[in-house]
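Working notes for the structure below.
Everything quoted here is computed from the prediction, not taken from an experiment. Letters A, B, ... are given to chains in the order of the sequence lines, protein chains preceding strands, and every chain is numbered from 1.
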Amino acid sequence: MTSPSSKRSASESISPPPSKRKRSCSPDSFFSDVSESPLYVFLVDAKLNGETIEELISLVDQFNLNDTAKSQTGVELQLSLNAEDADIIVTEVRMRARLERHLDWVTAKQKAIVTTQWLRDSVRSQQLLPCGKYAALGELYEETVHNCPENNCAVDAPSKAKKENTNIRYNHRYACMRNSPLNCPNQVLIKKLAVLRRHRELEGLDVQALSYERAISVLKAFPHHITANDVQQVSDLPHIGPKILSKIEEFIQRGDITECNDILSEARYQSLVAFTEIYGIGPSTARNLYSLGLRTIEDLEKHYKDKDNAKIQATRIQAPAKKTFTSPTSKLRELGLPEMTVKEALLLREDLNVRIPRSEVEEIRDVIMNELGQIRRGCVSMITGGYRRGKIESNDIDIVISHKDLKSGGDEVKGLCATLVKRLYDKGIVTHVMHLSSFRPHNTLRTAHWDSLEKALTVVKLRDNNNNGTGQKQNQKHIHRRLDLIFAAPEVYWTAVVGWTGSIMFERDLRFWAKQEKGMRFDSSGISRRHDSKLYFPKSEEEVFELLGLEWIDPTLRNADM
DNA sequence: CGGCATACG
DNA sequence: CGTA
DNA sequence: GCCG
């Protein structure tokens, strides 16, 4: 999968202007007579095995033998021997560099470049389908749509000089192949769809919630404001099906979505949203509390008043008496750290819902790393999460920590997580520890993973050292902040960085892509091959992407969530 | 019609 | 189930 | 709810 020879750079090179082979749009083509000039199809054999090639060739024959198909489209298909003379390029290649080994970029831009699925579906449906959904390269999406034989008679005249083609990777099926900026031209629409998504999630309709999440993610990468003219293009996007498209159409027409307003006015929705803002209360618990008749945060406070030592996990209403959960208490208790209770989560709620400016994220990082420096030398760290994706304000702070020494570093960081957290707690910097994991003992049964990651989910509050001796209470500068510390062995540092940079949808699709298309397993503590569990240790973030066969995407373009 | 990320407590 |  |  490495490309040794053709390391041609991104510059457009040499080749003469390719013969502009434009299909005729003469009125003749509208009659059911098959036009004299066939539609030329070029198969890029890269990544196709012999069996697939045979299949594709026989599909072409099948199309030509099908009278319905021929009369509906008015063309025959003809395999082309070179890309230049073709109208449409069929390929399984998904990346520019790889494609450029088979045809030059200037030519590519004048063709419709589609996946093999386009051919399959076109033949099956006996017509030439729109290319948008089948564009093989996101980078050439516009060109593919424009050069698609299906529409090149219809939409030629008003071809507005489309220039804003710099953010072209937006139509891929996987979020990890799209450029998703922090803010996009369709934020208003997305915000309304997010209400539908949240509603499905709160009501336990996880699968529908996921669909909305994906649709939102796709729209997040869409490069321009959607108007009535774009409906076709939008419906061609992946993960936009009939249901969600109809919502989008409603929004285009009315500037609003009825179901969204209905949901927002539901008392139940409002309560569930409020409940789940408390750390440790998710959709299921929220619904249970609601069914007990509780409606407001005040109701919750009253409800938890007596049993104020209730652990957050104990909030379940219908205890499934069968399973006796082993108390997840042990680790914290060992270190003399108090557990998180609902009561405390309620007290923290206000603070934790306040966004954290970048400067304070850095301030906290500095304090933490200063403390760490006093117990271990040679540690390295990176702030990941929303901060790294460029957010002006973060919900929490994620710091990935490792050691600069690739060889001895694993031992250097082993156990460090608990040690550091204990120290920070004793100093009053860490006020709460919601979760603390240590190195798992090597599991000989499931050898796919080994011990490599420690993490602590904490709450911190920095001291306000603004005392001028009078002891007067000034405005408290610092409030409680959520801080996640992730300790990674040096070999998996970059994997952890990618894994903790997000966004969530980006991560899910990274793993999904790795599984579906690469037979790999990705988790923040390692990358491995699925069939033999061979492990990989990328030495930079770029190498992580390369290993997974992905183009590197800048962290600020990984904002695939709302 | 099955699958949808993955792991841990 | 909740969290990342 | 959408995809393969």
Provide, to the nearest angstrom, the distance between the CG atom belonging to A:D206 and the P atom belonging to B:dA5.
11 Å
Ignoring the backbone of A:D523, work out which of D:dC2, B:dT6, C:dA4 is nearest its side chain.
B:dT6
Assess whether a salt bridge exists between A:E541 and A:R558, defined as any Lys/Arg side-chain N lying under 4.0 Å from an Asp/Glu carboxylate O.
yes
Find the distance A:R200:CZ to D:dC2:P and express it as a whole number of Å.
10 Å
Should A:R508 be listed as having a side-chain N or O under 4.0 Å from OP1 or OP2 of B:dA7?
no
Let's see if you can work this out: which of D:dG1, B:dA5, C:dA4 has an atom nearest to the side-chain heavy atoms of A:K455?
C:dA4
Ranking B:dG9, C:dA4, D:dC2 by distance to the side chain of A:P242, first place goes to D:dC2
Hey, does the side chain of A:R482 come within less than 4.0 Å of C:dT3's phosphate (OP1/OP2), counting only N and O?
no
What residue pairs, at least two apart or across chains, pass salt bridge (charged side-chain N to carboxylate O under 4.0 Å, His left out) with a residue in residues 191-212 of chain A?
A:K192-A:D256, A:R197-A:E201, A:R197-A:E213, A:R198-A:E201, A:R200-A:E259, A:E203-A:R268
Go through D:dG1, B:dC4, D:dC3 for me and flag the one nearest to the A:K243 side chain.
D:dG1
side-chain hydrogen bond (donor to acceptor under 3.5 Å, both in side chains) involving A:D398 - partner list, sequence neighbours excluded
none
Is there a donor in the side chain of A:T341 and an acceptor in the side chain of A:E344, or the other way round, less than 3.5 Å apart?
yes
Residues A:E517, A:R173: salt bridge by 4.0 Å N-O rule
yes
Nearest-Å distance, CE (A:M520) to P (B:dT6)?
13 Å
Quick one: A:L202 CG to C:dC1 C1', roughly how many Å, whole number?
15 Å
Between C:dC1, C:dA4, D:dG1, spot the one nearest the side chain of A:I244, thanks.
D:dG1
Length of the line joining A:Y174:OH and D:dC2:P, which is rounded to integer Å
18 Å
Check every strand shown and say whether A:D484 touches a base, only sugar-phosphate, or nothing at a heavy-atom separation below 4.0 Å.
sugar-phosphate
Report the nucleotide, chosen from B:dC4, D:dC2, C:dA4, that has the shortest atom-to-atom distance to any side-chain atom of A:F512.
B:dC4
C1' atoms of B:dA5 and C:dT3, separation to the nearest Å:
14 Å
Does A:K515 put a side-chain nitrogen or oxygen below 4.0 Å from OP1 or OP2 of B:dT6?
yes
For A:M434 and C:dC1, what is the distance between atoms CE and P respectively, to the nearest whole Å?
20 Å
Measure CZ/A:R521 against C1'/B:dT6 and give the value in whole Å, please.
8 Å
Should the pair A:F545 and A:F506 be assigned to parallel (<30°), tilted (30 to 60°) or perpendicular (>60°) ring geometry?
tilted
Separation of B:dG9 C1' from A:L453 CG (nearest whole Å)
15 Å
Among B:dC4, C:dG2, D:dG4, find the nucleotide with the atom closest to the side chain of A:R173.
D:dG4
Quick check on C:dG2: is either OP1 or OP2 less than 4.0 Å from any side-chain nitrogen or oxygen of A:T285?
yes
Would you mind telling me which of C:dT3, B:dA7, B:dA5 lies closest to the side-chain atoms of A:R511?
B:dA5
Select base, sugar-phosphate, or nothing to describe what A:I504 touches, counting heavy atoms under 4.0 Å on all strands.
nothing
Checking C:dA4, B:dC4, B:dG9 against the side chain of A:S437 (C-beta onward), the nearest is B:dG9
Considering every strand and a 4.0 Å limit on heavy-atom distances, what is the contact class for A:L457: base, sugar-phosphate, or nothing?
sugar-phosphate
In terms of side-chain heavy atoms of A:H239, which of C:dG2, D:dC3, C:dA4 is nearest?
D:dC3
Cationic N near anionic O, under 4.0 Å, A:D484 to A:R482:
yes
side-chain N/O A:R214 vs B:dA5 OP1/OP2, d < 4.0 Å:
yes
